[in-house]
Amino acid sequence: AVLGCALLVPVVLGEDCPSPCSCGSPGLGTRVDCSSRGLRSLPALPRRTRSLLLHNNSLASIPAGALDSLGHLQELRVGDNPWHCDCHILYLKLWLQDFSAPALARLRCASPAHLRMKSLGQLTGSDLGVCTRLPPATCLQFFWRDLVLMAGVIITLILVAWALKFSKKLVCQLTLGGWRLRRNIPKTH
C-alpha cells in the first residue's frame with residue numbers, strides 16, 4: 001500500500017529540487033516547499049514548478065528574471081520575509097502586479113526605515129530613489145550597439161541597391177544583345 005502511494009505522488013529527482021527545499025509532484029506540476037529554511041537568496045527552481053512556498057525566510061529581494069521561467073506557476077507564497085524596498089525589490093513588485101495583486105498588497109517592507117511596514121503595492125518610483133533610472137554607461141552601451149546595427153543596415157541596403165542596379169543593366173544588355181542576334185539571323189524556308 002505504501003508503494004502504491006509513492007507511485008501516485010512521485011518525488012522530483014534530487015537534481016531538480018533545490019537542496020534546502022523539499023519537492024513533490026502532485027498532479028502535473030512540481031510543488032517546491034522552501035518555507036522556513038532561513039533562505040537569504042532564491043535557489044535554482046525546477047521549470048515545472050506549480051506551487052512555490054518561500055514564506056518565513058530571510059529573503060530581502062528576488063533577483064530580476066528569477067521567476068520568469070516558471071510558466072506553470074499557480075501558487076506563490078512569499079510572506080514573512082524581511083523585504084528591503086530599494087531598486088532590487090522592483091522586479092518582485094512588477095512581477096506580482098501581473099501574477100497576484102492581492103499578494104502584492106499583503107507584502108510589507110522591512111527596510112529602509114522610512115518605508116518600514118509600507119505595502120509593496122503602494123511603493124512609487126520616488127520611494128525607490130535614483131535606482132529607477134538607467135546609469136549612463138548602460139545607455140552608452142545601447143547607443144553604440146544601435147549605431148553599429150544601423151550602420152550595418154545602411155551598408156546592406158546600399159549593397160542591395162547597387163546589386164539590383166547592376167543586375168538590371170546586365171539583363172537589359174543580354175536582352176538587347178539577344179534581340180540583335182535574332183534580327184541578324186537570315187530566315188531559311
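Nothing fancy with the numbering, it's 1 onward along the sequence.
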Asp127 and His114: which non-hydrogen atoms are nearest, and at how many Å? O-NE2, 4.2 Å
Hey, does Leu123 have a side-chain heavy atom less than 4.5 Å from the side chain of Lys118? yes
Is there side-chain contact between Leu120 and Ile89, with at least one heavy-atom pair below 4.5 Å? yes
CG/Leu92 to CG/Leu107 distance, rounded to the nearest 0.5 angstrom? 6.5 Å
At their closest point, which heavy atom of Pro18 faces which heavy atom of Pro46, and how far apart are they? CD-CD, 4.1 Å
Audit row: Leu45, Thr30, side-chain contact (heavy atoms from CB on, under 4.5 Å) steps and yes/no: CA-CA 10 Å; Leu45 300 166; Thr30 303; over 6 Å; no
Spacing of CG belonging to Asp80 relative to CG belonging to Asn56, to within rounding of 0.5 Å: 5.5 Å
Phe99 vs Leu104 side-chain heavy atoms within contact, under 4.5 Å: no
Please answer: with hydrophobic residues joined when any side-chain heavy atoms are less than 4.5 Å apart, are Leu73 and Val78 in the same cluster? yes
Any side-chain heavy-atom pair of Leu115 and Ser111 under 4.5 Å: no
What's the spacing between Ser51 OG and Asp33 CG if we round to 0.5 Å? 8.0 Å
Answer yes or no: is there a side-chain heavy-atom contact under 4.5 Å between Ser22 and Val32? no
In Å, rounded to the nearest 0.5 Å, how long is the span from SG of Cys85 to CE of Met117? 11.0 Å
Exam field: side chain Asn81 to backbone Trp83, donor-acceptor pair closer than 3.5 Å: no
Can you find a pair of side-chain heavy atoms, one from Trp95 and one from Leu76, that are under 4.5 Å apart? yes
Ignoring hydrogens and angles, tell me if any N or O in the side chain of Ser119 forms a donor-acceptor pair with the backbone of Arg108 under 3.5 Å. no
Minimum side-chain heavy-atom gap Arg37-Leu54 below 4.5 Å: no
Give a yes or no answer on whether the side chain of Ser167 reaches the backbone of Ala163 with a donor-acceptor pair at less than 3.5 Å. yes
Close side-chain approach of Asn57 to His55, heavy-atom, < 4.5 Å: no
Please lay out, stage by stage, how Leu67 and Leu52 fare under the test side-chain contact (heavy atoms from CB on, under 4.5 Å). CA-CA 10 Å; Leu67 302 173; Leu52 178 58; 4.2 Å; yes
Quick one: NE2 on His84 to CZ on Arg116, what's the gap to the nearest 0.5 Å? 12.5 Å
SG of Cys109 to NZ of Lys93: how many Å apart, nearest 0.5 Å? 10.0 Å
Tightest non-hydrogen contact, residues Ile62 and Tyr91, listed as O-CD2, 3.8 Å
Closest approach of His72 to Arg47 (non-hydrogen atoms, all atoms of both residues): CD2-O, 3.8 Å
